[in-house]
S.K.: 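I'd like to ask you about the structure that follows.
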Amino acid sequence: MSGLAGAALLCSIAPMNETPALPIRPSLPAEAFAGPLALVGSGAPVIMVLGGAGTGKTTFLHALRKHGGGKQAFLAPTGVAALQLGGQTIHSFFGLPPRLMDPDQVRPRSPKRTLMKKLERLVIDEISMVRADVLDAVDRSLRIARGNPEPFGGVQVVLVGDFLQLPPVVPQAEREILGHLGYEGPFAFDARVLREVEPARLPFLTVYRQTDDAFVGHLAELRTGRYIADAIAAINAASHRDHRPGRIPVVLAPTNARVDAYNRRGMEALYDDGRLFEGKSEGEFDLANDRLPVPETLALKVGARVMTVRNHPERQWVNGSVGTITGLAPDRAYVRLDGAGIVEIERTSWERIRYDWDEATGKVAAKVVGTYTQLPLVPAWAVTVHKAQGLTLEDVRIDFDAGAFAAGQAYVALSRARSLEGLSLARPLRASDIRIDRRVAAFTAAFENGGTLMTAARGMDND
């Protein structure tokens with residue numbers, strides 16, 4: 001037995017023991033992915049894998065990487081997301097310019113025509129942050145490179161994410177340009193190519209992060225915009241203004257300025273002289289222009305609250321583990337993890353990869369073209385909601401200050417908490433904190449309930 005059909009069976013009976021490139025929640029049953037892997041293996045031309053926070057999308061990506069064969073590539077919309085994914089950015093892979101594009105004018109600049117012709121599957125993570133014109137540029141690039149007029153040039157495309165979480169960043173002026181180009185909105189589901197092919201659906205509906213059914217229900221209501229007043233009242237009633245005793249929460253706030261203020265105050269309150277840790281780059285890793293997972297100059301002190309931003313190979317910690325520094329050495333830190341013991345954290349390297357075709361093996365090869373080495377720690381008195389996306393936190397405090405400013409932001413923040421007991425609020429939630437894009441909500445409802453996808457969001461005004 002071979003391929004994804006066999007892998008689906010294997011996934012249902014055997015644990016994944018290899019060290020993952022992506023964070024895995026051990027509590028998530030492997031058999032949950034037998035059906036999804038089988039659908040991908042059936043060859044549907046476009047598949048959407050959509051689900052709310054904590055439903056296992058990241059673990060599915062790991063399963064697909066492990067069992068999906070050697071002719072697939074994993075892409076993400078941003079550099080940091082690509083580093084966490086262990087893949088390449090969309091723009092780098094296709095040689096696309098970092099600006100709005102008229103897909104009709106796209107001329108592929110990527111020299112990897114052999115790779116494009118051999119590619120069988122393209123997986124795009126964080127699809128909610130991919131603009132419609134970018135997805136159409138991907139489609140046109142593949143059609144041209146492969147000489148195939150089918151959508152995406154006949155390459156199977158798997159789109160993974162949650163449109164009800166963080167949206168693409170599109171200033172109003174660029175939204176107007178997208179309108180002139182014939183787009184009804186900026187989201188990937190507005191892409192022209194998806195008018196030609198109806199995506200197969202893989203809705204991930206079971207929440208694994210939280211186990212409290214009431215909390216799961218309230219989060220679902222905030223995510224979809226249904227019964228918002230009831231959900232807000234319930235969360236306000238269950239959450240405390242003061243965090244639970246004996247625990248130090250990570251504060252989640254909407255803006256960098258507010259997060260930086262929390263972390264600065266926390267660091268300045270410590271009497272330790274601290275140490276500076278300098279990051280090092282090699283190859284194609286531009287410290288001046290790349291967004292880095294950890295600052296190039298990292299200032300740490302004994303007593304500082306920190307968060308790990310990588311998985312330990314033996315799972316002594318995972319991306320999002322929080323603790324307090326107990327000691328510092330020239331090339332490492334000692335951290336007492338919350339609810340656990342002291343661990344020694346050394347420098348680690350993030351790899352920038354570039355996909356190419358390996359004629360000898362007949363597979364897509366991920367070539368390392370650059371590395372960035374630094375301690376995998378960031379100050380964690382506070383973290384932005386954006387940077388917390390994908391994390392599971394035991395103790396969370398939400399500080400919306402003047403309010404959330406992007407659709408889905410409040411839901412992302414609240415859904416980081418594993419439980420209501422570990423959640424506190426700097427101020428009560430307000431209805432104005434819950435921003436829902438009605439077009440996205442309509443599309444998601446159609447996706448989850450079997451409606452017609454490409455017409456679901458049309459004619460809806462945005463909130």
Side-chain angles (χ1 to χ4, degrees), residues 3-9 11-12 22 30-52 55-77 81 85 87 90 93-94 116 119-130 132 134-139 141-143 146 148 150-165 187-206 364 440 443-457:
L4 280 171
L9 176 59
C11 194
S12 69
L22 301 160
E31 60 268 19
F33 301 110
L37 287 175
L39 177 60
V40 174
S42 72
V46 179
I47 300 173
M48 279 190 174
V49 182
L50 304 182
T55 55
K57 299 185 297 296
T58 296
T59 317
F60 165 76
L61 284 170
H62 171 71
L64 184 56
R65 184 192 298 279
K66 182 176 180 180
H67 296 298
K71 296 183 179 180
Q72 56 184 358
F74 289 75
L75 307 183
L85 178 67
I90 298 169
F93 187 84
F94 288 101
M116 299 294 178
L119 191 68
E120 293 182 355
R121 180 180 302 117
L122 189 68
V123 183
I124 301 179
D125 192 21
E126 302 285 10
I127 191 60
S128 71
M129 300 177 68
V130 178
V134 173
L135 191 60
D136 277 332
V138 168
D139 167 55
S141 296
L142 287 170
R143 293 194 203 205
R146 295 167 63 88
N148 186 332
E150 297 178 21
F152 298 107
V155 174
Q156 183 187 51
V157 173
V158 182
L159 308 175
V160 182
D162 181 10
F163 287 107
L164 285 169
Q165 294 191 44
F187 298 95
F189 61 72
D190 290 310
R192 300 170 189 169
V193 63
L194 295 185
R195 302 173 193 170
E196 299 181 38
V197 55
E198 179 82 0
R201 309 176 201 204
L202 271 175
F204 278 27
L205 303 177
T206 301
V364 175
V440 173
F443 177 87
T444 302
F447 179 90
E448 294 178 352
N449 299 318
T452 304
L453 293 182
M454 295 309 120
T455 59

S.K.: For the side chain of K57 and the backbone of G51, is there at least one donor-acceptor N/O pair under 3.5 Å apart?
M.R.: yes
S.K.: For the backbone of A446 and the side chain of N449, can you confirm whether one donor and one acceptor N or O come within less than 3.5 Å of each other?
M.R.: no
S.K.: R201 and E198: salt bridge (Lys or Arg N to Asp or Glu O under 4.0 Å), yes or no, with the steps?
M.R.: CA-CA 9 Å; R201 309 176 201 204; E198 179 82 0; 3.4 Å; yes
S.K.: Looking at every non-hydrogen atom in both residues, tell me the closest pair between Q165 and G52 and how far apart they are.
M.R.: NE2-C, 3.8 Å
S.K.: Before giving the answer on side chain to side chain contact (heavy atoms under 4.5 Å, CB included), spell out for T55 and T206 the whole-Å C-alpha distance, their side-chain angles and the decisive distance to 0.1 Å.
M.R.: CA-CA 6 Å; T55 55; T206 301; over 6 Å; no
S.K.: Would you indicate whether the side-chain heavy atoms of F443 and E448 approach each other to under 4.5 Å?
M.R.: no
S.K.: Whether the side chain of Q72 engages the backbone of Q156 through a donor-acceptor N/O pair (distance < 3.5 Å, no angle test) should be reported.
M.R.: no
S.K.: Say whether, by atom type as modelled, one donor and one acceptor occur between the side chain of R121 and the main chain of K71 under 3.5 angstrom.
M.R.: no
S.K.: Does any non-hydrogen side-chain atom of I127 lie less than 4.5 Å from one of L50?
M.R.: yes
S.K.: If we only count heavy atoms from C-beta on, is the L194 to L135 side-chain gap below 4.5 Å?
M.R.: yes
S.K.: Check P151 against V197 and note the closest heavy-atom contact, atom names and distance.
M.R.: CB-CG1, 4.0 Å
S.K.: When rounded to the nearest 0.5 angstrom, what is the spacing between CG in L39 and CG in L202?
M.R.: 4.5 Å
S.K.: Are any non-hydrogen side-chain atoms of V40 and L64 less than 4.5 angstrom apart?
M.R.: yes
S.K.: Any side-chain heavy-atom pair from L159 and I124 closer than 4.5 angstrom?
M.R.: yes
S.K.: Could you label the plane-to-plane angle of the F163 and F189 rings as parallel, tilted or perpendicular, counting under 30° as parallel and over 60° as perpendicular?
M.R.: perpendicular
S.K.: For the residue pair F187 and V440, establish whether any side-chain heavy-atom pair is separated by less than 4.5 Å.
M.R.: yes
S.K.: Is R143 positioned over the aromatic face of F152, cation under 6.0 angstrom from the ring centre and no more than 45 degrees off axis?
M.R.: no
S.K.: Quick one: OG1 on T444 to CG on D162, what's the gap to the nearest 0.5 Å?
M.R.: 6.5 Å
S.K.: Can you measure from CZ (R192) to CG (D139) and round to the nearest 0.5 angstrom?
M.R.: 10.0 Å
S.K.: Counting distance only, does the side-chain N/O of D136 pair as donor-acceptor with the main-chain N or O of V193 below 3.5 Å?
M.R.: yes
S.K.: Is there side-chain contact between P199 and F447, with at least one heavy-atom pair below 4.5 Å?
M.R.: no
S.K.: Between L119 and R146, what is the shortest heavy-atom contact and its length?
M.R.: O-NH1, 3.0 Å
S.K.: Say you draw a straight line from CG of D190 to CZ of R195; how long is it, rounded to the nearest 0.5 Å?
M.R.: 8.0 Å
S.K.: So, taking the atom named OG1 in T58 and the one named CZ in F60, what distance separates them when rounded to the nearest 0.5 Å?
M.R.: 11.0 Å
S.K.: Which value, rounded to the nearest 0.5 Å, describes the distance between L85 atom CG and L75 atom CG?
M.R.: 8.0 Å
